[in-house]
Amino acid sequence: MARKDRKKLVQLQNRSLISMTTPKSPIAEQFRTIRTNIQFSNVDEELQTMIVTSSGPAEGKSTTTANLAVVFAQQGKKVLLIDSDLRKPTVHYTFRKENHIGLSNVLTRQSTLEEAVTTTEQENLWVLPSGPIPPNPSELLGSRGMQMLIEHAKNEYDVIVLDTPPVLAVTDAQVLANLADGVVLVVSSGKTEIDAAKKAKELLESAKAKILGVVLNNKKVQDSQYYYYYGGK
Ligand SMILES: Nc1ncnc2c1ncn2[C@@H]1O[C@H](COP(=O)(O)OP(=O)(O)OP(=O)(O)O)[C@@H](O)[C@H]1O
Ligand SMILES: [Mg+2]
């Protein structure tokens, strides 16, 4: 393996979860604030299933999804994190799990949800890894089986969070947005183009998704007013 590829693989595998490892950190606190905002964004309707997505690749979808799942679990909710990114799955790396059995096996009836779900080091948090990457992700995610899986999971868990591929690349996130109660859109500061974010929002809304809010990722602390204010300026 080339040195560059090896570095990429190490990066992919060494994913740490700040809200689990350092719950008192300001970043973990930010995730708890996002949790509160999500809970208040939808007072009238039931909010049990949500997807996290973004317009393009590597904007922080998986990081946000995993940390949100952790802070919901820390609140005492029974949480299921589903890796529904059947193209570039990472949940099994984040939680240091095997990925032999997962969502793709359940959707092709090779396994039941109960068999494929695993525990994590975080109390109240279970994960359903992607399973082997299938040739037809959109078809599987848009199947009746996926609807049934979510309905089934809703009976077993209080909160279900789904990690997804980027909206502008493939239709998967739109398909899932249509099944979920709400969508959290991640925007990466200095990376996501405004037009791309708008286009993603439009596509999600055309799939009848309810956008709960936007998470701004990668915001440099030096840029923020907050920092200057508290920095004694
Ligand atoms: N705020 C941040 N600060 C530092 N590193 C970050 C931050 N957010 C994400 N990363 C890192 O950037 C990389 C991409 O993040 P992540 O996997 O969450 O993005 P993604 O949107 O899920 O990507 P993909 O489109 O490939 O699924 C990861 O290595 C992650 O650890
Ligand atoms: Mg991801």
Side-chain angles (χ1 to χ4, degrees), residues 4-23 25-35 50-72 81-97 99 102-104 120 125 127-134 137-138 141 160-177 180 183-193 196-197 199-201 203-204 211 213-224 226-227:
K4 205 171 110 224
D5 291 343
R6 204 173 319 134
K7 198 174 154 208
K8 261 194 172 162
L9 186 66
V10 168
Q11 249 177 12
L12 193 66
Q13 291 174 342
N14 284 349
R15 305 170 68 89
S16 80
L17 258 173
I18 192 152
S19 28
M20 220 160 110
T21 55
T22 328
S25 62
I27 300 176
E29 181 57 34
Q30 297 265 347
F31 280 111
R32 288 191 289 273
T33 304
I34 295 168
R35 177 189 67 196
M50 67 192 94
I51 73 160
V52 179
T53 195
S54 75
S55 57
E59 293 175 323
K61 294 176 288 297
S62 299
T63 306
T64 306
T65 320
N67 280 285
L68 277 180
V70 167
V71 294
F72 273 109
L81 166 58
I82 302 181
D83 197 345
S84 51
D85 186 344
L86 296 177
R87 299 166 193 268
K88 275 176 74 185
T90 52
V91 169
H92 58 292
Y93 292 131
T94 308
F95 290 90
R96 315 257 186 284
K97 292 287 169 187
N99 195 27
L103 177 62
S104 60
T120 66
L125 177 61
V127 302
L128 175 60
S130 68
I133 294 177
S138 313
L141 296 172
I160 300 149
V161 196
L162 295 99
D163 192 3
T164 69
V167 179
L168 299 190
V170 284
T171 58
D172 304 9
Q174 289 176 68
V175 166
L176 293 166
V183 177
V184 175
L185 195 58
V186 177
V187 171
S188 182
S189 175
K191 179 167 190 222
T192 309
E193 302 279 338
K199 181 78 191 152
K201 182 170 171 278
L203 287 173
L204 290 164
I211 301 193
V214 175
V215 171
L216 183 62
N217 188 27
N218 271 318
K219 176 84 178 143
K220 297 256 181 314
V221 175
Q222 298 91 286
D223 295 348
S224 97
Y226 180 88
Y227 174 81

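In listed order, ligands and their atoms are each counted from 1.
In this structure, atom 24 (P) of ligand 1 lies nearest to the protein heavy atom A58 N, 3.5 Å. For atom 19 (O) of ligand 1, the closest heavy atom belonging to the protein is G60 N, 3.1 Å. For atom 3 (N) of ligand 1, the closest heavy atom belonging to the protein is N218 OD1, 3.4 Å. Ranking the protein heavy atoms by distance from atom 17 (O) of ligand 1 puts R15 NH2, 2.9 Å first. The nearest heavy-atom contact from the protein to atom 26 (O) of ligand 1 is K88 NZ, 3.0 Å.
Using 4.0 Å as the threshold, T90 has no heavy atom nearer than that to any atom of ligand 1.
Not one N or O on the side chain of S19 forms a donor-acceptor pair closer than 3.5 Å with the backbone of A28.
Within a 4.0 Å radius of atom 5 (N) of ligand 1, the protein contributes no heavy atom. Under the 4.0 angstrom criterion, atom 30 (C) of ligand 1 counts as having a protein heavy-atom contact. Inside a 4.0 Å radius of atom 13 (C) of ligand 1 there is not any protein heavy atom.
Between T164 and ligand 1, no pair of N/O atoms sits closer than 3.5 Å. At under 3.5 Å, not a single nitrogen or oxygen of P57, backbone or side chain, sits near a nitrogen or oxygen of ligand 1. When only interatomic distances are considered, the shortest N/O to N/O separation between T64 and ligand 1 does not fall below 3.5 Å. Close N/O approach between D163 and ligand 1 is not found [any backbone or side-chain N/O within under 3.5 Å]. When only interatomic distances are considered, the shortest N/O to N/O separation between P166 and ligand 1 does not fall below 3.5 Å.
Residue P129 comes nearest to V127 through the heavy atom pair CD-O, 3.6 Å, listed as atom of the first residue, atom of the second, then distance.
Distance check: N67 CG to F72 CZ gives 12.5 Å after rounding to the nearest 0.5 Å. Atom-to-atom distance recorded for Q174:CD and T164:OG1 is 10.5 Å, nearest 0.5 angstrom. Note that OG1 of T33 and CD1 of I27 are 12.5 Å apart. Values are rounded to the nearest 0.5 Å. Distance check, rounded to the nearest 0.5 Å: CG of D83 to OG of S104 gives 10.0 Å. Between atom OG1 of residue T64 and atom CG of residue N217 there is a gap of 5.0 Å, rounded to the nearest 0.5 Å. Put simply, CG on D85 and CD1 on I51 are 11.0 Å apart, with the number rounded to the nearest 0.5 Å.
For atom 25 (O) of ligand 1, the nearest non-hydrogen atom from the set R87, Q30, K61, K219 comes from K61. In the candidate list T53, T63, N217, D85, N217 is nearest to atom 8 (N) of ligand 1, counting heavy atoms.
With respect to R87 and D172, a salt bridge is recorded, a charged nitrogen being found less than 4.0 Å from a carboxylate O.
Contact check for K61 versus P166: side-chain heavy atoms found under the 4.5 Å cut-off.
With a cut-off of 2.8 Å, the Mg ion (ligand 2) has an N, O or S atom of S62 in range.
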Run the numbers on S62 and D163 for side chain to side chain donor-acceptor pair (under 3.5 Å), then give the verdict. CA-CA 6 Å; S62 299; D163 192 3; 2.6 Å; yes

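For ligand 1, the atoms sitting less than 4.0 Å from at least one non-hydrogen atom of E59 are 19 (O), 20 (P), 21 (O), numbered in the order shown with element in parentheses.
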